Amino acid sequence: MLQPKRFKHRKQFRGKRRGMATRSNHVSFGLYGLKAQESAWITSNQIEAARITLSKKTQKGGKLWIRIFPDKPITSKPNETGLGGGKGEVANHVAVVRPGQMLFEIAGIDEAAARETLKQAGYKLPIKTVIVTRV
């Protein structure tokens, strides 16, 4: 699972997920990309599931870039715990994704295979995605 090696602060506020992505919103490295159309928190398990799908399809011929990283800690309190007592322990790490952000990029395979592969990876994610090409 992906997670940061070190933290400056162990716990963070939840924050807002408003607005469009201003950075990493176009295909920079590969030829085809998977772009988010909704805002969400994507967990490290979901990123890993999509990565496995992409890497199985591309094999040795293609190259894969993961453009998101789960660097936000999410806390949760145990079940049947009353209110009070402070914030819970860190349970997982998520990547904050806004609409228009590029999630994955691939290159080195033909267009039909790339579109099918990215479509399969999009099924593993909890948001609507669209496949884009480099212009």
Side-chain angles (χ1 to χ4, degrees):
M1 269 191 346
L2 295 170
Q3 67 180 25
K5 287 191 176 88
R6 299 185 307 118
F7 305 107
K8 186 168 186 180
H9 302 289
R10 197 165 54 94
K11 297 175 183 175
Q12 285 183 10
F13 290 142
R14 292 174 63 86
K16 300 279 193 276
R17 289 191 304 237
R18 292 190 293 233
M20 299 287 287
T22 56
R23 288 182 282 193
S24 70
N25 53 7
H26 60 279
V27 180
S28 298
F29 304 104
L31 296 176
Y32 308 100
L34 191 66
K35 190 180 223 182
Q37 292 195 303
E38 299 174 339
S39 64
W41 283 346
I42 298 185
T43 65
S44 54
N45 291 339
Q46 293 163 344
I47 296 171
E48 182 67 10
R51 184 199 66 80
I52 288 169
T53 301
L54 288 167
S55 62
K56 278 184 181 175
K57 299 283 186 179
T58 54
Q59 294 294 329
K60 292 183 165 76
K63 179 136 175 60
L64 168 67
W65 291 269
I66 304 172
R67 299 284 304 269
I68 54 176
F69 185 80
D71 56 355
K72 182 179 185 69
I74 298 301
T75 61
S76 68
K77 295 182 88 167
N79 292 334
E80 301 180 10
T81 303
L83 297 179
K87 198 168 186 178
E89 291 303 311
V90 174
N92 206 348
H93 288 83
V94 296
V96 179
V97 173
R98 292 192 169 89
Q101 186 166 358
M102 197 61 58
L103 306 174
F104 299 96
E105 294 182 22
I106 56 175
I109 58 175
D110 62 290
E111 185 174 357
R115 286 191 177 277
E116 181 60 30
T117 304
L118 289 169
K119 187 168 127 182
Q120 293 296 323
Y123 293 148
K124 308 288 183 186
L125 301 173
I127 56 174
K128 290 180 184 171
T129 57
V130 65
I131 299 164
V132 294
T133 59
R134 187 175 220 163
V135 179

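As the structure is a computational prediction, the values presented were derived from the model and not from experiment.
The shortest side-chain heavy-atom distance between V90 and K11 falls under the 4.5 Å cut-off. Under the 4.5 Å side-chain criterion, counting only non-hydrogen atoms from C-beta, S28 is in contact with H26. Within the 4.5 Å cutoff, no side-chain heavy atoms of T43 are placed close to those of P70. The closest side-chain heavy-atom distance from Q3 to S44 is not below 4.5 Å. With a 4.5 Å cut-off on side-chain heavy atoms, R67 and E105 count as touching. When side chains are defined from C-beta on, R98 does not count as touching R18, because their heavy atoms never get closer than 4.5 Å. Using a 4.5 Å heavy-atom cutoff, the side chains of R17 and E38 are not in contact. Residues P126 and Q46 are in side-chain contact: their nearest non-hydrogen atoms beyond the backbone lie under 4.5 Å apart.
In this structure, OG1 in T75 is found 4.5 Å from NZ in K87, a value given to the nearest 0.5 Å. Here the straight-line distance linking atom CD of Q101 with atom CE of M20 works out to 11.0 Å at 0.5 Å rounding. Taken to the nearest 0.5 Å, the CZ atom of R14 stands 6.5 Å off from the CD1 atom of I74. Atom-to-atom distance recorded for F13:CZ and K72:NZ is 10.0 Å, nearest 0.5 angstrom.
The two residues A50 and A121 come nearest to each other via the heavy atoms CB-O, 4.0 Å. Among all heavy-atom pairs drawn from P73 and D71, the shortest one is CD-O, 3.6 Å. For A107 against G30, the heavy-atom pair with the smallest separation is CB-CA, 3.9 Å.
Residue F7 belongs to no hydrophobic cluster, having no ILVMFWY side-chain heavy atom closer than 4.5 Å to its own. I109 forms part of a hydrophobic cluster together with L2, L31, Y32, L34, I42, I47, L54, L64, I66, I68, F69, V97, L103, F104, I106, L118, L125, I127, I131, judged by ILVMFWY side-chain heavy-atom separations under 4.5 Å.
A salt bridge between E116 and K57 is absent, with no side-chain N of the basic residue lying under 4.0 Å from a carboxylate O of the acidic one. Remark: K124 does not engage E48 in a salt bridge, criterion side-chain N to carboxylate O under 4.0 Å.
Between the side chain of K77 and the main chain of L83, no donor-acceptor pair closer than 3.5 Å is present.
For V130, the side chain to side chain contact (heavy atoms under 4.5 Å, CB included) test picks out K35, Q37, V132, with sequence neighbours left out.
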